[in-house]
Engineer: 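Quick one: the structure is below, and I'll ask about it shortly.
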Amino acid sequence: MLNGKNILIGITGGIAAYKICELIRMFKRANANVRVVCTPNALNFVTKLTLQNLSQNEVGIEEFDLNEFKPEHISYADEADIMVIAPATANTIGKIANGICDNLLTSIACAFKKPVIAAPAMNCGMWENKFVQENIQKLKNAGYTILEPESGYLACGYEGKGRLCKLETIFDKTVEILNSKKNLAGKKFVITCGGTIEEIDSVRYISNYSSGKMGIALADAAYEQGAEVILVSTVNVERAYKVEMVKSANEMQIAVEKELNNADCIIMAAAVADYRAKNIADHKLKKTESNEFTLELVKNPDILKGLCEKRTSDKPVVVGFCAESEDLIKNAKEKILKKGCDYLIANDISRKDIGFSSDFNEVTILDKNGGIKPLQRAAKTEIAKEILKEIYG
Ligand code: CTP
């Protein structure tokens with residue numbers, strides 16, 4: 001299953017370190033090459049000799065080896081296809097999240113550019129700690145796969161969330177990542193997300209309830225499948241790929257159109273305001289004596305339609321979304337023709353269990369040849385994969 005794959009296991013100083021002996025055996029049985037690197041504290045829980053015998057390789061602990069020509073952290077990082085840090089203590093997670101490299105393991109992690117899985121294990125109070133959670137979030141944002149700890153009886157005597165997840169979970173995730181097809185490698189995606197923000201004056205704006213979750217899920221899925229991704233976003237999000245922050249429809253249009261000739265696929269998942277204030281006041285508008293207030297609006301550019309009109313060949317593939325609260329398919333059929341895009345993802349925004357702000361969606365994919373494919377309600381992360389599969393097979 002893992003023939004010829006090079007797995008670097010990083011063990012840190014927690015009681016669950018002893019369990020990693022079995023994980024090494026699982027990887028070896030699947031024909032992987034395993035190298036182990038430990039923090040000095042990990043050796044309080046498991047011996048170097050055991051790890052060496054099981055991995056059939058020298059175990060790395062010290063950062064500087066005088067017999068080595070190349071700095072050790074670089075050669076470890078170069079060799080491995082994936083790094084699996086398990087158990088990952090709060091201490092090591094904190095160091096990696098903040099770029100601290102004070103031992104071989106943290107130095108390797110800092111230099112590592114390939115996928116990293118981290119399986120935290122610690123006391124439940126430590127797991128709930130605000131700073132630990134912030135550090136976990138930083139790692140997630142940087143593209144780390146975090147296998148969350150499980151709840152149960154902890155070695156420290158407490159009951160709660162903090163136990164290392166099952167070894168099978170770590171093994172399966174490693175196999176999944178190493179064997180995942182990078183079928184979008186070499187392709188460039190530009191994906192928009194969030195609701196545009198149209199200023200009225202220095203303190204007020206017009207916007208909508210779009211959370212950006214669907215666009216982010218699409219960008220994550222494309223990136224995981226090897227694509228170069230630019231996410232043009234109105235919501236603040238940190239990712240390993242490029243995120244370009246914009247506010248208004250005009251800014252979004254500029255950001256997207258500058259990639260029109262370079263992109264292989266543009267997905268307009270953003271909820272773009274149809275209108276903006278005709279004049280944006282420099283200062284806060286003051287209340288007047290009148291009981292009425294009229295705000296003059298002008299039409300925003302239709303970014304999606306413009307992209308389809310401006311492209312000079314069938315590249316990029318252009319995908320639109322379609323938010324409807326009634327007559328979903330009828331309106332979607334009209335919209336795909338009006339916009340001229342290759343695919344239109346129709347979703348019913350009147351339903352509370354899907355769409356705006358929800359983690360779930362239920363969509364119908366229309367294509368320019370009249371094809372209609374309904375997808376069942378599922379997590380947006382799953383819907384995103386299905387949409388990419390529909391476009392690229
Ligand atoms: N869109 C766009 N520019 C706009 C409005 C919408 O690029 N000014 C894009 C959206 O990102 C989406 C698609 O067009 O991919 C459809 O958006 P939707 O809100 O469903 O439709 P509208 O074109 O705004 O039409 P209506 O609001 O009348 O349904």
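FYI, side chains are in, hydrogens and waters are out, and symmetry mates aren't considered; it's all heavy atoms of this structure. Everything quoted here is computed from the prediction, not taken from an experiment. Whatever order the structure lists them in is the order used to number ligands and atoms, beginning at 1.
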Engineer: For ligand 1, which atoms, with element, lie under 4.0 Å from some heavy atom of D302?
Structural biologist: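 What qualifies from ligand 1 is 2 (C), 3 (N), 4 (C), 7 (O), 8 (N).
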Engineer: Side chain to side chain donor-acceptor pair (under 3.5 Å) with E362: which of Q376, R351, R377?
Structural biologist: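 So the option named by the test is R351.
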Engineer: At a 4.0 Å threshold, what atoms of ligand 1 neighbour a non-hydrogen atom of C322?
Structural biologist: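 Answer, ordered by atom number: 20 (O).
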Engineer: Check if A270 has a non-hydrogen atom at a distance under 4.0 Å from any atom of ligand 1.
Structural biologist: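 For ligand 1, residue contact (heavy atoms, under 4.0 Å) with A270 is present.
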Engineer: For the pair T234 (side chain) and G195 (backbone), establish whether a donor and an acceptor sit closer than 3.5 Å, ignoring hydrogens and angles.
Structural biologist: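 Checking the backbone N and O of G195 against the side chain of T234, a donor-acceptor pair under 3.5 Å is found.
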Engineer: Determine, stepwise, if the pair Y18 / F45 fulfils ring-ring contact (aromatic ring centres under 6.0 Å, His included).
Structural biologist: CA-CA 6 Å; Y18 80 92; F45 298 95; 9.1 Å; no
Engineer: Report yes or no: do I24 and I82 belong to one cluster of Ile/Leu/Val/Met/Phe/Trp/Tyr joined by side chain heavy-atom distances under 4.5 Å?
Structural biologist: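 The answer is yes; both residues are in one hydrophobic cluster.
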Engineer: Determine whether I100 and I93 fall in the same hydrophobic cluster, where Ile, Leu, Val, Met, Phe, Trp and Tyr are linked whenever their side-chain heavy atoms lie under 4.5 Å apart.
Structural biologist: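 As far as the 4.5 Å side-chain criterion goes, I93 and I100 are not connected within one cluster.
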Engineer: Stepwise, does the side chain to side chain donor-acceptor pair (under 3.5 Å) test hold for Y76 with R35?
Structural biologist: CA-CA 8 Å; Y76 274 93; R35 284 192 82 173; 3.3 Å; yes
Engineer: Out of V272, L307, V319, whose heavy atom is nearest to atom 6 (C) of ligand 1?
Structural biologist: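 The nearest heavy atom belongs to V272.
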Engineer: Tell me, please: is C341 in heavy-atom contact with ligand 1, that is, under 4.0 Å?
Structural biologist: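 Distance cut 4.0 Å: C341 fails for ligand 1.
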Engineer: Can a donor-acceptor pair be found, under 3.5 Å and without considering hydrogens, that links the side chain of T106 to the backbone of N103?
Structural biologist: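 Side chain of T106 to backbone of N103, a donor-acceptor pair under 3.5 Å: yes, one is there.
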Engineer: Is there a donor-acceptor pair under 3.5 Å between the side chain of N300 and the backbone N or O of A249?
Structural biologist: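 A pair under 3.5 Å: no.
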Engineer: What is the closest protein heavy atom to atom 28 (O) of ligand 1, and at what distance does it sit?
Structural biologist: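 So the nearest neighbour among protein heavy atoms is D274 OD2, 4.5 Å.
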Engineer: Can you list the ligand 1 atoms lying under 4.0 Å from a non-hydrogen atom of L304?
Structural biologist: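 Answer for ligand 1: 2 (C), 7 (O), 9 (C), 13 (C), 14 (O), 15 (O).
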Engineer: In this structure, does ligand 1 have an atom that sits under 4.0 Å from one of the heavy atoms of K339?
Structural biologist: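 Distance cut 4.0 Å: K339 passes for ligand 1.
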Engineer: Looking only at protein heavy atoms, which one is nearest to atom 3 (N) of ligand 1, and how far off is it?
Structural biologist: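 Of every protein heavy atom, I303 N, 3.1 Å lies nearest to atom 3 (N) of ligand 1.
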Engineer: Looking only at protein heavy atoms, which one is nearest to atom 26 (P) of ligand 1, and what is the separation?
Structural biologist: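 Checking every protein heavy atom, the shortest distance to atom 26 (P) of ligand 1 gives K335 NZ, 3.9 Å.
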Engineer: Kindly state if atom 11 (O) of ligand 1 has a protein heavy atom within a strict 4.0 Å cut-off, that is, under 4.0 Å?
Structural biologist: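 True for atom 11 (O) of ligand 1.
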Engineer: Report whether F189 and V246 are members of the same hydrophobic cluster (ILVMFWY, side-chain heavy atoms less than 4.5 Å apart, transitive linking).
Structural biologist: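 F189 does not cluster with V246.
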Engineer: Atoms of ligand 1 less than 4.0 Å from G320 heavy atoms?
Structural biologist: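 Close to G320: 15 (O).
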Engineer: When you look for heavy atoms under 4.0 Å from ligand 1, do you find them on the side chain of P301, its backbone, both, or neither?
Structural biologist: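 Within the 4.0 Å criterion, P301 contacts ligand 1 through backbone atoms alone.
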Engineer: Of all the non-hydrogen atoms in the protein, which one sits nearest to atom 16 (C) of ligand 1, and at what distance?
Structural biologist: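 Scanning the protein heavy atoms, the shortest distance from atom 16 (C) of ligand 1 goes to F321 O, 2.8 Å.
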